[in-house]
Amino acid sequence: MSSFYALIIGASSTIAKAAIRKFEENSNCLGVFAVSRSLYVPTESTKTTYLECDNTESGISEVCQILAPVAGRITKVLICNGILHDESIMPERKLEEIRASQLEAVFHANSVVPMLWLSQLLPILQGDRNTQVALFSARIGSISDNKTGGWYSYRASKAALNMLIQTSSVEYARRAKNVKLISFHPGTTDTPLSKPFQRSVPKDKLFSADFVATQLLSIMEHVKMDNKAAYLDWNNQPIEW
Ligand SMILES: NC(=O)c1ccc[n+]([C@@H]2O[C@H](COP(=O)([O-])OP(=O)(O)OC[C@H]3O[C@@H](n4cnc5c(N)ncnc54)[C@H](OP(=O)(O)O)[C@@H]3O)[C@@H](O)[C@H]2O)c1
C-alpha cells in the first residue's frame, strides 16, 4: 500500500472514531482529516487534523479549500453522517406517526448532507490513485429487502442515499475514474444510534465499532475498482439495492 491521506466526515460517530484510530496506527497513512459539526480534539491525537463544519454548502466549500493542497492524495473517505433518533425523533412505527418535520430532519442528515459532500469532493478526489469513498447507509435502505415496513423516515432516507450514490457513480465514472463509491451497511453496531433498539439483538449480532471499522477498511482495500457503486455489508456481502 502506498502512502495516503484519509478523510472522515461525521467524525464524532463511534464507528468513525474507531476508523480514525486505525488510520493513525497505519504507517502508510500520512494524515487524517476529521470533520465534525462540533470540534472535538482528543488529547492523544497525533496525525489527525480536526475540522469543524456545519455541513452547509459554504461550510463544506471552506473545508474543501483546506483539503485542496492534498487533492489527489486522499484515497480513503468515510462519510458517516446519519440519525435514527434524537430528543424529538423516534422511528415511526405506523402511518399516524408521520411528521413532516421528522421526515425533513432525517432526510437532511442522512441523504442531503452526504450528497453535498459527494458533490464538492469531486475535484479533491480526481486523480490517478485508486480511491474509495464509503458512505454509511443501512440494509434497511434496500427497497427490494423491505419485508417489515416501519421506520419510514430512516428507511426512506437511506434508500434516497443509495439512489444518490448510484447516480453519482455514473458521473464519477466519467469524471473521476479512480474513485469507487461504496454504500456501506455496518450491521447493528454498539453506538448511541442503536442503543434504544439493542434489546432484541442477539449478543453475537451486536458488533463493536472497532470490529466494524476493521471490516470496512479491509473491504475498501480489496474492493473491485470497476467504476460502479457497490452496496456492501460489514461481511463484504452485496445487498440488493
Ligand atoms: N450503529 C448501527 O447499528 C448502524 C446500523 C446501520 C447503519 N448505521 C449508520 O452508520 C452511521 C454511523 O452511525 P453510528 O452508529 O456511528 O452513530 P453515532 O455514533 O450516533 O454517530 C452519528 C453520526 O451522525 C452525524 N450526525 C448526527 N446528527 C447529525 C445531523 N443533524 N446532521 C448531520 N450529521 C449528523 C454525526 O456527525 P458529527 O460528527 O458531525 O456530529 C456522526 O457522524 C450512520 O449513518 C448510521 O445511520 C449505523
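Values reported hereafter were calculated over all heavy atoms of this structure, with side chains retained and with hydrogens, waters and symmetry mates removed. Every number for a ligand or one of its atoms is a count from 1 in the order of the listing.
Using a 4.0 Å heavy-atom cutoff, Ala11 is listed among the residues neighbouring ligand 1. The shortest separation from a heavy atom of Arg139 to ligand 1 is not under 4.0 Å, leaving the residue out of contact. The shortest separation from a heavy atom of Phe184 to ligand 1 is not under 4.0 Å, leaving the residue out of contact. By the 4.0 Å heavy-atom criterion, Ala16 is excluded from the residues contacting ligand 1.
A search for ring-ring contact (aromatic ring centres under 6.0 Å, His included) contacts involving His85 returns Phe197, not counting sequence neighbours. Among residues two or more places apart in sequence or in another chain, the ring-ring contact (aromatic ring centres under 6.0 Å, His included) test is passed with Tyr154 by none.
In summary, the atoms of ligand 1 found under 4.0 Å from a heavy atom of Asn81, numbered by their order in the structure, are 24 (O), 25 (C), 33 (C), 34 (N), 37 (O), 43 (O), 45 (O). The distance from ligand 1 to the heavy atoms of Phe136 drops below 4.0 Å at these ligand atoms: 10 (O), 11 (C), 45 (O). Proximity to Ser194 (heavy-atom distance under 4.0 Å) selects the following atoms of ligand 1: 3 (O).
Looking only at protein heavy atoms, the nearest one to atom 8 (N) of ligand 1 is Pro186 CG, 3.5 Å. Nearest to atom 3 (O) of ligand 1 among the protein's heavy atoms is Thr189 N, 2.8 Å. In terms of protein heavy-atom proximity, atom 12 (C) of ligand 1 is closest to Cys80 O, 3.3 Å. In this structure, the protein non-hydrogen atom closest to atom 32 (N) of ligand 1 is Ala109 CB, 3.6 Å. Gly187 O, 3.5 Å is the protein heavy atom nearest to atom 5 (C) of ligand 1.
The only option from Lys17, Arg21, Lys22 that meets the side chain to side chain donor-acceptor pair (under 3.5 Å) definition with Asp210 turns out to be Lys22. Between Arg139 and the options Asp145, Asn146, Thr188, Asp233, a side chain to side chain donor-acceptor pair (under 3.5 Å) holds for only Asp233.
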